[in-house]
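Please read these numbers as outputs of a predicted model, since none were measured by experiment. First listed ligand is number 1; within each ligand, the first listed atom is number 1. When reading the values below, keep in mind they use all heavy atoms of this one structure, side chains included, and skip hydrogens, waters and symmetry mates.
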Amino acid sequence: MTEIHFTIDGRACTAKPGQTIVEAAKANGIYIPVLCNYEGLKPVGSCRICTVRVAGRYMAACTQPVTEGMVIENTAPDLEDMRKSLIEMFFVEGNHFCPACEKSGNCELQALGYRYQMTVPRFPYLWPGRELVADPPLLMLERNRCIQCLRCVRGVKTKDGRKVFASVQRGPRVTIEMDQKLAAKLSEAEARRAMDLCPVGAILRKETGFAVPIGKRKFDHAPIGSDIEKGPGR
Ligand code: SF4
């Protein structure tokens, strides 16, 4: 298999043919933040948090394959500020009250807020009114926290392959719908996986909550990305 050579922020890296920039960066111990991307799901490049710059052009690193000789900018100050502004937009566009959320400490958006030292967003809060769906026996959908990453649409299916979640409408009206009949067929393990797949606290497993206290959860121990940033020069 031919090895591909490329650089990220001046650091020499190698990739396997077909690897995306996000995958290759990870394999080289370099963290590129993602929200809509999830290992095993087809990348869609919808959140744009992973945007990098290649030869002056902006690209979604989760969908763009690495090519020979690519020179990638990942941590230029303007790129990092753009990512921070996207994180701020996610916070103001929904209703996120971290201290009261079951996903606090396991939430990727919250963890990115900490990583990018978000304090007061530069945009006004929109305070949208969104409906909660809590009828299925095992799951609830708290749309106030949804960031429309579409992980659930791509990854939560019944045993016979039917999609439990769907995205309806477009633009600012986009909404995630949960098929309640299909959701009712999910097993305990499948419901738990759906909750884990959601990067925020929008999909929650019902009946059990706060089994692990806030302060003892994944990102309470180590910042997001620290599991990847182990390569040379770190
Ligand atoms: S419910 Fe969760 S996984 Fe689904 S689109 Fe919203 S944030 Fe993403």
So R162 and K157, side chain to side chain contact (heavy atoms under 4.5 Å, CB included) or not? Walk me through it.
CA-CA 5 Å; R162 298 174 72 189; K157 295 177 184 169; over 6 Å; no
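- Not counting sequence neighbours, the partners of T7 by the side-chain contact (heavy atoms from CB on, under 4.5 Å) test are V71.
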Would Q180 and V133 count as a side chain to side chain contact (heavy atoms under 4.5 Å, CB included) if you check the C-alpha gap in whole Å, the side-chain angles of each, and the deciding distance to 0.1 Å?
CA-CA 9 Å; Q180 299 193 30; V133 184; 3.3 Å; yes
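- Counting only protein atoms, the N, O or S atoms lying less than 2.8 Å from atom 2 (Fe) of ligand 1 are C198 SG, ordered by chain and residue number.
- Contact annotation: the side chain of C62 never approaches that of T20 to less than 4.5 Å [non-hydrogen atoms, C-beta and beyond].
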Could you please spell out the steps behind the side chain to side chain donor-acceptor pair (under 3.5 Å) verdict for S104 and Q110?
CA-CA 7 Å; S104 181; Q110 180 194 46; 3.0 Å; yes
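- Every atom of ligand 1 with a heavy atom of L150 under 4.0 Å away is listed here by number and element: 5 (S), 8 (Fe).
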Give the C-alpha distance, both sets of side-chain angles, the deciding distance and a yes or no for salt bridge (charged side-chain N to carboxylate O under 4.0 Å, His left out) between D78 and R53.
CA-CA 10 Å; D78 62 317; R53 191 162 45 220; 2.5 Å; yes
